[in-house]
Amino acid sequence: MRAKVLLIMTGGTISMVQKNKTGALCPASLSTFKHFVPELNEADFHIEVIAFDSMIDSSDVHPNDWVHMAEAVKSHYNDYDGFVILHGTDTMAYSASALSFMLGNLSKPVVFTGSQLPIGVLRSDAKENLLTAIEIAAAKRKDGSAMVPEVTIFFEGHLFRANRTTKRNAEHFSAFYSYNYTPLAQAGVHITYNEQLIHYPQTVAPLEVHTALDRNVAILKLFPGITEQVVAAILNTPNLKAVVLETYGAGNAPSYDWLYEQLRSAIERGVIIVNKTQCSTGSVDMQLYDVSRNLLKAGVLSGYDMTTEALLAKLMFLFGTYPDDVEQIKILLQQPLVGELTIH
Ligand code: ASP
């Protein structure tokens, strides 16, 4: 039987065409899209397409859109073998990370892809990304189960675990990278899957979609010379629940007394502060230097090797799902839930 794949179009460059006269980008209709990718009608899979009511640039993506994406997967879950979500590249890593937490008990592939050049442009990367993403969404193991039953991002020959991925390049076709986790597959002449790195569910349970997300989170990026007022403004934001503190190197921060006092007082008020290194590769280790041990003493939690995108999405998901249980959130934050962190 031919595998069935559902394409979910949300917008972004991959869903745009250039207007003839001005060259400006506008959303492609479904028929225009199929016109530029005639292979969609010829592929060895059964492909159907649904689209968001209006295509959006991913800079406009809001957590409510993550809920729409998750619900689109849920309402078609039993009818398809896999899902491909077409999404703008700018915030794809956020959306894909969020869905990795929201789609509980996932046993089918959900592959995000996009492109740097619009569909229909001669050198566009859209067709290759799209067709290979579909092939991955349809791929099966020998026992008939899904080859990659995870939320992933496919881009320029590489399949990455979604919650390990960051947009790294605004120009090159190879726009995404996973700095702390080896790609799950490479696509050349053949698609080579790294099966030992892919997460396979041990038991099959019904899909459970978590749609409660709490947006009361913030990012505080340290830099030499940061002022007390800037730190105070962020940490005293009304209703704030959690802060991703972007630190230096292995998780180090300047030793200003006022900084520790402010962090300690925010933590005493119940705000979770989690340490994320500004480095792309490597992990936070707050045992290494005095300047990070002080953070540990103040009650700052380790973000280990999580991406900022995964941390933000995980915090929104945890506070949405366990609104009254900060202790449980602290435990889950520092454990891998869907392969988003490694503790050495
Ligand atoms: N601004 C576009 C978006 O993220 C860029 C892209 O798709 O590559 O929607």
Side-chain angles (χ1 to χ4, degrees), residues 3-10 48 50 52 58 61-87 91-114 133-134 136-141 145-155 159-165 176 178 181 184-185 197-215 306-307 309-323 329 332-333 335-341:
K4 289 178 77 181
V5 175
L6 182 66
L7 276 188
I8 303 170
M9 289 172 72
T10 70
E48 281 175 35
I50 58 169
F52 269 26
S58 78
V61 161
H62 182 280
N64 290 344
D65 297 307
W66 302 341
V67 172
H68 287 154
M69 290 175 213
E71 280 175 346
V73 171
K74 183 185 172 191
S75 52
H76 297 93
Y77 195 66
N78 294 329
D79 303 327
Y80 294 88
D81 297 284
F83 302 84
V84 172
I85 301 186
L86 300 187
H87 193 291
T91 63
M92 189 190 293
Y94 291 90
S95 298
S97 294
L99 261 74
S100 77
F101 297 110
M102 294 165 75
L103 298 175
N105 302 329
L106 187 67
S107 60
K108 296 185 177 183
V110 175
V111 188
F112 278 74
T113 197
I134 292 173
I136 291 168
K140 296 277 165 83
R141 299 172 94 196
S145 62
M147 178 58 87
V148 193
E150 293 201 27
V151 182
T152 54
I153 291 181
F154 178 76
F155 222 88
L159 184 73
F160 304 111
R161 176 169 292 157
N163 55 40
R164 293 290 193 152
T165 308
F176 288 92
S178 159
Y181 201 74
L184 303 180
L197 298 178
I198 298 171
H199 174 75
Y200 292 103
Q202 298 306 307
T203 51
V204 179
L207 181 76
E208 214 174 274
V209 179
H210 307 280
T211 53
L213 299 166
D214 189 330
R215 292 192 291 130
M306 278 184 274
T307 62
E309 294 89 331
L311 262 172
L312 271 188
K314 188 172 179 178
L315 286 166
M316 287 192 201
F317 158 76
L318 288 175
F319 275 101
T321 311
Y322 307 96
I329 292 175
L332 295 176
L333 189 61
Q335 276 175 13
L337 304 182
V338 277
E340 74 280 11
L341 70 92

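In this chain, residues are counted from 1 in sequence order.
Residue Ala72 comes nearest to Ile50 through the heavy atom pair CB-CD1, 4.2 Å, listed as atom of the first residue, atom of the second, then distance. Closest approach of Val151 to Ser100, counting heavy atoms only: CG2-CA, 3.7 Å. Minimum heavy-atom separation, Pro109 to Ala146: CD-CB, 3.6 Å. Nearest heavy-atom pair, Asp81 versus Lys140, reported as atom, atom and distance to 0.1 Å: OD1-NZ, 2.8 Å.
In this structure, Glu150 CD and Leu159 CG are separated by 8.5 Å, a value rounded to the nearest 0.5 Å. Atom-to-atom distance recorded for Leu184:CG and Ser178:OG is 7.5 Å, nearest 0.5 angstrom. Atom CZ in Phe112 sits 10.0 Å away from atom CG in Leu86 (nearest 0.5 Å). Separating the CG atom in Leu312 from the OG1 atom in Thr307 is a distance of 8.5 Å, to the nearest 0.5 Å. Taking CD1 from Ile153 and OG from Ser97, the interatomic distance works out to 6.5 Å, rounded to the nearest 0.5 Å. The distance from the CZ atom of Phe52 to the OG1 atom of Thr10 is 5.5 Å, given to the nearest 0.5 Å.
Side-chain atoms of Thr165 do not come within 3.5 Å of backbone N or O of Ala93 as any donor-acceptor pair. In this structure a side-chain-to-backbone donor-acceptor pair under 3.5 Å is present from Arg161 to Leu197. Gln202 places a side-chain N or O within donor-acceptor distance of the main-chain N or O of Tyr200, the cut-off being under 3.5 Å. No donor-acceptor pair under 3.5 Å is formed between the side chain of Thr91 and the backbone N or O of Tyr94. In this structure a side-chain-to-backbone donor-acceptor pair under 3.5 Å is missing from Arg215 to His62.
In this structure the side chain of Val73 never reaches within 4.5 angstrom of the side chain of Tyr80, judged on heavy atoms. Looking only at side-chain heavy atoms (C-beta outward), Pro149 and Pro201 come within less than 4.5 Å of each other. Two residues are said to be in side-chain contact when any heavy atoms from C-beta on lie closer than 4.5 Å; Leu337 and Leu318 meet this criterion.
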Practice item. Using the side-chain contact (heavy atoms from CB on, under 4.5 Å) rule, take Met102 and Val67 through it: C-alpha gap first, then chi angles, then the decisive distance, then the call. Key: CA-CA 8 Å; Met102 294 165 75; Val67 172; 4.0 Å; yes
Practice item. Walk me through it: do Met69 and His87 pass the test side-chain contact (heavy atoms from CB on, under 4.5 Å)? Key: CA-CA 10 Å; Met69 290 175 213; His87 193 291; 3.6 Å; yes
**Study point:** Evaluation steps, side-chain contact (heavy atoms from CB on, under 4.5 Å), between Leu99 and Ile85
**Key:** CA-CA 11 Å; Leu99 261 74; Ile85 301 186; 4.0 Å; yes
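Taking the ring pair (Phe, Tyr, Trp, His ring centres under 6.0 Å) definition, one finds that Phe101 meets it with Phe317, sequence neighbours left out. Listed by chain and residue number, nothing satisfies the ring pair (Phe, Tyr, Trp, His ring centres under 6.0 Å) test with Phe154 (two or more places apart in sequence, or in another chain). For Phe155, the ring pair (Phe, Tyr, Trp, His ring centres under 6.0 Å) partners at least two apart in sequence or on another chain are Phe176.
Pairs of residues two or more places apart, or lying in two chains, that qualify as side-chain hydrogen bond (donor to acceptor under 3.5 Å, both in side chains) and include a residue from residues 68-77 are Tyr77-Ser107. Within the structure, every pair that satisfies the side-chain hydrogen bond (donor to acceptor under 3.5 Å, both in side chains) test and touches residues 314-323, not counting sequence neighbours, is listed here: Lys314-Glu340.
Across Val5, Leu6, Ile8, a single residue satisfies side-chain contact (heavy atoms from CB on, under 4.5 Å) together with Glu48, and that is Leu6.
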Which pairs of donor and acceptor atoms, one on a side chain in residues 204-214, lie under 3.5 Å apart (sequence neighbours left out)?
residue : atom : partner : partner atom : Å
Asp214  : OD1  : Asn216  : N            : 2.9
Asp214  : OD1  : Asn216  : ND2          : 3.0
Asp214  : OD2  : Lys241  : NZ           : 2.6

